[in-house]
*Asks:* 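This is the structure, below, for whatever I ask next.
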Amino acid sequence: MAGELATGHTDREGALADSCGRTVKSLRISVTDRCNLRCEYCLPRGLHAFERPDELLSFDDISCIVRVASRLGVNRVRITGGEPLVRAGVPDLIAQLKRETTVREVAMTTNGMLLERHVDQLAAAGLDRLTVSVDSLKPERFKAITCTGSLDDVWRGVRKAAAAGLRPLKINVLVLKGMNDDEIDAWVELTREHDLVVRLLELMPVGEGAAQNLAERYVDLTKVRQRLTQDYGLVSTSGLPGNGPARYWRIPGALGVVGFITPISDRYCDTCSRFRLTSTGELRPCLAYEVSVPLRDAARARDEALLEARFASAAALKPMGHAWSEGAITTIGMSRIGG
Ligand code: SAM
């Protein structure tokens with residue numbers, strides 16, 4: 001039932017769980033709300049109001065929070081933003097998390113613009129996996145969507161990441177009518193010869209994405225998958241690393257796979273094991289609801305017992321499911337929550 005509250009508790013192994021039996025396994029950490037791109041559905045072009053540097057969690061604060069989270073059963077963290085690579089020293093944060101916490105996996109989501117410059121340091125720091133967001137295969141269109149992006153720069157970064165061993169590499173493609181829906185087949189074709197995980201995303205009514213002119217351009221990717229299954233004979237595939245929201249399919253014999261992230265047309269709330277941490281230390285148990293629990297004061301005091309209690313409160317606030325399909329929206333944008 002959408003919106004109903006669950007109760008936070010720890011199960012027999014000490015893992016944090018809600019009353020639906022969902023254990024919290026993954027934490028997405030936004031290290032900044034700033035971004036070097038201005039995608040229409042994500043960040044308004046004229047926006048200049050960003051968090052002040054003194055309001056951000058320090059790397060030591062983040063490490064302290066992740067240490068507590070991993071004790072409670074979180075085994076995967078993903079560094080995101082905003083654009084994580086616009087914050088100085090992010091490879092140092094990754095090295096610190098690998099050194100000081102017991103999480104099994106540290107991943108990152110990036111727009112790839114600064115990847116070529118940083119990827120060797122990221123790999124050396126121990127980054128396990130990478131997702132790069134690329135909404136078009138056409139350079140002119142990519143620039144129009146992102147305002148300041150260069151597809152060339154992004155692909156150079158992607159190639160260097162693959163060469164540095166960050167495989168399988170995931171590519172996120174947010175699909176919108178009239179923006180890039182005519183490129184879906186080209187992305188599927190790309191997976192024949194390339195060891196890439198191409199993930200097609202539905203627009204969520206979050207921040208800018210909730211604006212009426214964008215909501216009207218939403219594409220139902222369950223229907224798209226049904227059409228692609230007929231056209232390409234896609235077969236369902238499992239066993240990919242990570243435990244995200246995507247469901248995966250493959251053209252028989254292809255090197256890569258195609259993923260579908262369908263929060264609206266085929267939602268996955270019943271298996272959601274994610275929390276999100278904003279750059280200022282608000283812990284959000286669900287992307288769809290404006291509830292959060294503050295962690296910054298406890299993290300700055302290095303009060304691990306208080307952090308554990310705050311995680312339990314957040315688990316208790318985790319709703320069973322979103323209500324986007326019934327018209328609800330999330331007013332705070334993805335770049336602030338951490339996408
Ligand atoms: N800057 C990084 C990047 O571009 O990947 C990380 C942050 S970005 C907010 C993470 C992902 O969120 C991107 O793949 C982006 O397409 C997606 N995103 C942003 N707004 C969205 C929305 N309203 N609905 C669905 N996905 C969205």
Side-chain angles (χ1 to χ4, degrees), residues 28-45 47 50 77-87 90 107-115 118 122 127 129-136 142 145-151 153-154 157-158 161 169-177 179-181 183 187 197-221 242 244-246 259-265 267-268 274 276-279 284 287-288 322 324-325 328-339:
R28 301 174 86 94
I29 302 170
S30 172
V31 291
T32 177
D33 60 333
R34 290 170 192 260
C35 189
N36 46 356
L37 297 183
R38 290 290 182 275
C39 303
E40 177 187 12
Y41 57 80
C42 191
L43 205 57
R45 295 201 167 166
L47 184 75
F50 294 102
V77 300
R78 176 168 292 275
I79 308 300
T80 182
E83 170 48 39
L85 291 176
V86 303
R87 179 154 175 191
V90 163
M108 174 181 282
T109 300
T110 171
N111 61 36
M113 288 293 293
L114 299 171
L115 194 53
H118 294 293
L122 292 169
L127 184 72
R129 291 188 302 110
L130 194 62
T131 299
V132 186
S133 304
V134 192
D135 289 341
S136 179
F142 183 80
I145 295 170
T146 59
C147 199
T148 49
S150 152
L151 189 58
D153 290 356
V154 174
V158 166
L169 221 132
K170 291 182 181 164
I171 305 283
N172 275 358
V173 185
L174 184 123
V175 181
L176 270 187
K177 222 174 274 171
M179 178 174 90
N180 58 357
D181 57 333
E183 294 185 57
W187 282 109
V197 179
V198 172
R199 308 182 331 153
L200 306 173
L201 271 70
E202 285 180 354
L203 179 77
M204 301 180 220
V206 175
E208 293 304 297
Q212 191 55 32
N213 65 322
L214 285 173
E216 283 162 4
R217 291 158 65 195
Y218 160 82
V219 176
D220 177 331
L221 292 177
F260 297 86
I261 301 186
T262 52
I264 309 293
S265 66
R267 69 188 203 175
Y268 37 79
R274 276 172 299 285
R276 286 179 155 83
L277 181 65
T278 70
S279 56
R284 292 181 69 115
L287 179 58
H322 69 69
W324 288 332
S325 310
I329 61 165
T330 305
T331 55
I332 301 175
M334 197 73 101
S335 63
R336 287 188 60 205
I337 302 169

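Computed over heavy atoms, backbone and side chain alike; hydrogens, waters and symmetry mates excluded. Both counts, for ligands and for their atoms, begin at 1 and track the order of listing. If you read the sequence from its start, that first residue is 1, and numbering goes on from there.
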*Asks:* Who's closest to atom 6 (C) of ligand 1 heavy-atom-wise, of Gly82, Ala210, Gly339?
*Replies:* Gly82
*Asks:* Out of Met334, Arg28, Glu40, Glu202, who is nearest to atom 12 (O) of ligand 1 when you count heavy atoms only?
*Replies:* Met334
*Asks:* How far is atom 23 (N) of ligand 1 from the closest protein heavy atom, and which atom is that?
*Replies:* Met204 O, 3.0 Å
*Asks:* Check each of Leu151, Val173, Asn172 against Val134 using the side-chain contact (heavy atoms from CB on, under 4.5 Å) test, and report the only one that passes.
*Replies:* Leu151
*Asks:* Counting only pairs under 3.5 Å, give me each side-chain donor-acceptor contact of residues 36-43, with atom names and distances, residues two or more places apart or in other chains.
*Replies:*
from  : atom 1 : to     : atom 2 : distance (Å)
Asn36 : OD1    : Asn111 : ND2    : 2.8
Arg38 : NH1    : Cys35  : O      : 2.8
Tyr41 : OH     : Asp135 : OD2    : 2.5

*Asks:* Can you confirm, on distance only, whether ligand 1 has an N/O atom lying under 3.5 Å from any N/O atom belonging to Asp135?
*Replies:* no
*Asks:* Any side-chain heavy atom of Met113 sitting closer than 4.5 Å to one from Glu83?
*Replies:* no
*Asks:* Tell me if a side-chain donor or acceptor on Arg199 pairs with a main-chain N or O of Ala246 at a distance below 3.5 Å.
*Replies:* no
*Asks:* Looking only at protein heavy atoms, identify the closest one to atom 17 (C) of ligand 1 and say how far it is in Å.
*Replies:* Leu201 CD2, 4.3 Å
*Asks:* Would you say Glu208 contacts ligand 1, with heavy atoms under 4.0 Å as the rule?
*Replies:* no
*Asks:* Any idea which atoms of ligand 1 are less than 4.0 Å away from a heavy-atom of Thr109?
*Replies:* 2 (C), 5 (O), 6 (C)
*Asks:* Looking only at protein heavy atoms, identify the closest one to atom 16 (O) of ligand 1 and say how far it is in Å.
*Replies:* Tyr41 OH, 3.0 Å
*Asks:* Could you list the atoms of ligand 1 found under 4.0 angstrom from a heavy atom of Val206?
*Replies:* 23 (N)
*Asks:* For ligand 1, which part of Asn111 has a heavy atom less than 4.0 Å away: the side chain, the backbone, both, or neither?
*Replies:* both
*Asks:* For residues 210-219, which side-chain N or O atoms pair as donor and acceptor with protein atoms under 3.5 Å away, sequence neighbours left out?
*Replies:*
from   : atom 1 : to     : atom 2 : distance (Å)
Gln212 : NE2    : Glu216 : OE2    : 3.4
Arg217 : NE     : Lys177 : O      : 3.0
Tyr218 : OH     : Glu202 : OE1    : 3.3
Tyr218 : OH     : Glu202 : OE2    : 3.2

*Asks:* N/O to N/O below 3.5 Å, does that happen between Thr80 and ligand 1?
*Replies:* no
*Asks:* So Ser279 and Arg87, do their side chains get closer than 4.5 Å, heavy atoms only?
*Replies:* no
*Asks:* Please check if the side chain of Thr262 supplies one atom and the backbone of Ile264 the other of a donor-acceptor pair under 3.5 Å.
*Replies:* no
*Asks:* Test your reading of the structure: does Ser133 have an N or O sitting under 3.5 Å from an N or O of ligand 1?
*Replies:* yes
*Asks:* Below a 4.0 angstrom heavy-atom separation, can you tell me which part of Thr110, side chain or backbone, both or neither, approaches ligand 1?
*Replies:* backbone
*Asks:* Where does Leu174 meet ligand 1, judged by heavy-atom distances below 4.0 Å: at the side chain, the backbone, both, or neither?
*Replies:* side chain
*Asks:* Just by distance, do the side chain of Asn180 and the backbone of Leu174 share a donor-acceptor pair under 3.5 Å?
*Replies:* yes
*Asks:* Between the main-chain N or O of Ile332 and the side-chain N or O of Thr330, is there a donor-acceptor pair closer than 3.5 Å?
*Replies:* no
